[in-house]
Amino acid sequence: MNKRNPYRKFQGQQDQIRNLEKTSSRFKRVYDEYALMSEELWNLETTEGEGLPDDFINSIILQTSYLEEEIEDWLSAHVSDQEK
């Protein structure tokens, strides 16, 4: 049974993300890092086998949440710019 990856938070905003990736290399780097880290986190949490220390997983969760906040800031600023 496949569970949905909860870390793929921005699926509904892919058009905005593509536009920002075209216009900002910094946004592209941040989003690429977020996508990589969220995928790795999902794999770590759902793969059977030897577990990793909670501190390690918690640090990845924290970094991923910082990246999510930065992406949300970019997306909300992008929406504000389009409304002007």
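It should be emphasised that the depicted structure is a prediction, and the values quoted were computed from it without experimental measurement. For reference, positions follow the sequence shown, starting with 1.
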Problem set entry | Approximate separation, where rounding is to 0.5 Å, of Leu67 CG and Gln63 CD | 4.5 Å

For this session: For residues Gln14 and Gln11, report the shortest heavy-atom separation together with the two atoms involved.
Result: CG-O, 3.3 Å

Exercise. Can you tell if the side chain of Trp74 reaches within under 4.5 Å of the side chain of Ile17, non-hydrogen atoms only?
Worked result: no

Seminar exercise, completed: The side chain to side chain contact (heavy atoms under 4.5 Å, CB included) partners of Leu44 (sequence neighbours excluded) come to Leu52, Phe56, Ile60

Exercise. Quick one: OG on Ser38 to CD1 on Ile61, what's the gap to the nearest 0.5 Å?
Worked result: 12.0 Å

Exercise. With sequence neighbours left out, what residues match Asp32 under side chain to side chain donor-acceptor pair (under 3.5 Å)?
Worked result: Lys28

For this session: With sequence neighbours left out, write down each residue that passes side chain to side chain donor-acceptor pair (under 3.5 Å) with Glu40, or none if nothing qualifies.
Result: none

Problem set entry | Test item: Ser24 side-chain N/O and Leu20 main-chain N/O as donor-acceptor pair under 3.5 Å | no

For this session: Kindly compute the distance separating CD (Gln16) from CG (Leu75), expressed to the nearest 0.5 Å.
Result: 5.0 Å

Exercise. Sequence neighbours excluded, which residues qualify as side chain to side chain donor-acceptor pair (under 3.5 Å) partners of Arg29?
Worked result: none

Problem set entry | Set of side chain to side chain contact (heavy atoms under 4.5 Å, CB included) partners for Asp54, sequence neighbours left out | Asn58

Problem set entry | Heavy-atom closest contact (Glu72 atom, Phe10 atom, distance) | CG-CE2, 3.7 Å

Problem set entry | Pairing residues for Asp15 by the side chain to side chain donor-acceptor pair (under 3.5 Å) criterion, not counting sequence neighbours | Arg18

Problem set entry | Thr64 OG1 to Trp42 CH2 distance, which is reported to the nearest 0.5 Å | 13.5 Å

Seminar exercise, completed: Across all chains, not counting sequence neighbours, the salt bridge (Lys or Arg N to Asp or Glu O under 4.0 Å) partners of Glu70 are Arg26

For this session: First locate atom CZ of Phe27, then atom CD1 of Ile71, and finally report the distance between them rounded to the nearest 0.5 Å.
Result: 5.5 Å

For this session: Starting at OH of Tyr34, measure out to CD of Glu69 and round the result to the nearest 0.5 Å.
Result: 12.0 Å

